[in-house]
> 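Let me begin by handing over the structure; questions about it come next.
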Amino acid sequence: MQDDSARDRILAAVRAIPRGQVAGYGEVARRAGLPGRARLVARVLAANDDAALPWHRVVRADGRIALPPGSAGWREQSRRLVAEGVQVDQGRVRMPRAGGPGRLDALLWGPDGD
DNA sequence: GCGCTGACGCGAT
DNA sequence: CATCGCGCCAGCG
């Protein structure tokens, strides 16, 4: 039951990320109704073939790109994020808001007030 | 059926 | 702030 359904929910959660914003794997999983399945999200993104899927908006909880630094996917993701206006430095996304104290539940950042 | 690996997360050092 | 280690889930040899 959590085969195609879960995958579809994850994809939907990823597509729900507004342009210019990024979300963590764990956050996406939680939004998909699959708390703790962050790795499943990664697996789904790795297997997804939808070019329209904004997979590049999904990063690690610390704001770092999950893909191996230097790899094609890594460069592609960072390039896409920058193209959308997201500040990326050395493969890590700048956190303009969630950097504050006790703001770990957000895990959703944006270039402006969202 | 077992153990390793990985596009993860979080607390501890 | 950078690393390390442990826990969790799913795919593969």
Side-chain angles (χ1 to χ4, degrees):
Chain A
M1 171 187 150
Q2 45 189 232
D3 291 52
D4 294 330
S5 325
R7 188 193 64 178
D8 190 53
R9 275 193 288 263
I10 291 172
L11 294 176
V14 174
R15 293 193 183 103
I17 305 174
R19 182 178 178 282
Q21 286 192 317
V22 292
Y25 287 86
E27 189 61 22
V28 171
R30 207 175 89 75
R31 284 188 176 210
L34 303 164
R37 281 33 173 197
R39 295 193 100 131
L40 180 60
V41 175
R43 184 107 197 99
V44 170
L45 290 184
N48 113 86
D49 58 336
D50 191 338
L53 186 75
W55 59 270
H56 55 276
R57 293 179 193 153
V58 185
V59 296
R60 279 177 76 156
D62 21 34
R64 287 203 171 191
I65 294 177
L67 290 143
S71 66
W74 180 90
R75 278 185 295 171
E76 180 66 13
Q77 182 166 14
S78 51
R79 193 191 73 80
R80 281 198 178 195
L81 288 175
V82 173
E84 290 191 356
V86 179
Q87 288 185 289
V88 183
D89 176 52
Q90 288 293 295
R92 54 189 123 112
V93 177
R94 292 280 193 168
M95 309 201 261
R97 295 186 180 290
R103 204 75 169 106
L104 292 174
D105 52 84
L107 262 310
L108 196 69
W109 312 287
D112 269 281
D114 58 272

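In what follows, chains are A, B, ... by sequence order, proteins preceding strands, each numbered from 1.
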> Within residues 44-55 of chain A, which residues have any heavy atom lying less than 4.0 Å from an atom of DNA chain B?
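Correct list: A:L45, A:A46, A:W55.
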
> Whole-Å distance between C:dT3 P and A:R60 CZ?
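Between P of C:dT3 and CZ of A:R60: 12 Å.
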
> Starting at atom CD of A:E27, determine the distance to atom C1' of B:dA7, rounded to an integer number of angstrom.
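Rounded to the whole Å, the gap is 17 Å.
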
> Checking side chain to side chain contact (heavy atoms under 4.5 Å, CB included) for the pair A:L53/A:L45: CA distance, chi angles, key distance, verdict?
CA-CA 9 Å; A:L53 186 75; A:L45 290 184; 3.8 Å; yes

> Could you tell me the separation between the CZ atom of A:R15 and the CG atom of A:D8, rounded to the nearest 0.5 Å?
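Taking CZ in A:R15 and CG in A:D8, the distance rounds to 7.0 Å.
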
> Is there a donor-acceptor pair closer than 3.5 Å between any side-chain N or O of A:Q87 and the backbone N or O of A:R94?
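Absent.
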
> How many whole angstroms separate atom OH of A:Y25 from atom C1' of B:dG6?
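Distance, rounded to whole Å: 11 Å.
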
> Roughly how far, to the nearest 0.5 Å, is the CD atom of A:E27 from the CD1 atom of A:I17?
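A:I17 CD1 to A:E27 CD: 9.5 Å, rounded to 0.5 Å.
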
> Determine the minimum heavy-atom distance between A:V86 and A:G20, stating which atoms define it.
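Closest heavy-atom pair between A:V86 and A:G20: CG2-O, 3.4 Å.
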
> Can you measure from CG (A:L81) to CZ (A:R19) and round to the nearest 0.5 angstrom?
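One gets 10.5 Å once the value is rounded to the nearest 0.5 Å.
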
> Which ranges of DNA chain C pair up as stems, where a stem means three or more consecutive Watson-Crick or G-U pairs with both distances under 3.5 Å?
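Detected stem regions: B:2-6 with C:9-13, B:8-13 with C:2-7.
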
> Tell whether A:R39 reaches the base of C:dC9 with its side chain through a donor-acceptor pair below 3.5 angstrom.
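No such pair is found, so the answer is no.
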
> Using a heavy-atom distance cut-off of less than 4.0 Å, which residues of residues 65-74 of chain A contact DNA chain B?
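Under 4.0 Å from DNA chain B: A:A66, A:L67.
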
> B:dG9 P sits how many Å from A:D62 CG, rounded?
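Atom-to-atom, A:D62 to B:dG9, this comes out as 7 Å.
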
> How long is the straight-line distance from CD1 of A:I10 back to CZ of A:R43, given to the nearest 0.5 Å?
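With rounding to 0.5 Å, CZ (A:R43) is 11.5 Å from CD1 (A:I10).
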
> Show me the side-chain donor-acceptor pairs of residues 63-76 of chain A shorter than 3.5 Å, one per line, residues at least two apart or across chains.
| from | atom 1 | to | atom 2 | distance (Å) |
| --- | --- | --- | --- | --- |
| A:S71 | OG | A:P68 | O | 2.6 |
| A:S71 | OG | A:W74 | N | 3.3 |
| A:E76 | OE2 | A:R80 | NE | 3.2 |

> Under 4.0 Å between a side-chain nitrogen and a carboxylate oxygen: does that hold for A:D62 and A:R92?
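No.
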
> Atom CG of A:L81 and atom C1' of B:dA7: how far apart are they, to the nearest Å?
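Going from A:L81 (CG) to B:dA7 (C1'), I get 13 Å.
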
> Could you tell me whether a side-chain N or O of A:R37 sits under 3.5 Å from a main-chain N or O of A:P35, the two making a donor and an acceptor?
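Here the side-chain-to-backbone pair exists.
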
> May I have the distance from A:R92 (atom CZ) to C:dT3 (atom P), rounded to whole angstrom?
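Interatomic distance, CZ of A:R92 to P of C:dT3: 10 Å.
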
> Give each protein N/O atom lying under 3.5 Å from an N/O atom of nucleotides 11-13 of chain C, with the pair distance.
| from | atom 1 | to | atom 2 | distance (Å) |
| --- | --- | --- | --- | --- |
| C:dG11 | O3' | A:R43 | NH2 | 3.2 |

> What is the distance from atom CZ of A:R39 to atom OH of A:Y25, rounded to the nearest 0.5 Å?
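Reported to 0.5 Å precision, the distance equals 11.5 Å.
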
> Of all residues at least two apart in sequence or in a different chain, which pass the side chain to side chain donor-acceptor pair (under 3.5 Å) check with A:R57?
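Only A:E84 meet the side chain to side chain donor-acceptor pair (under 3.5 Å) criterion with A:R57.
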
> Could you tell me the separation between the CZ atom of A:R37 and the C1' atom of C:dG7, rounded to a whole number of Å?
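That distance rounds to 12 Å.
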
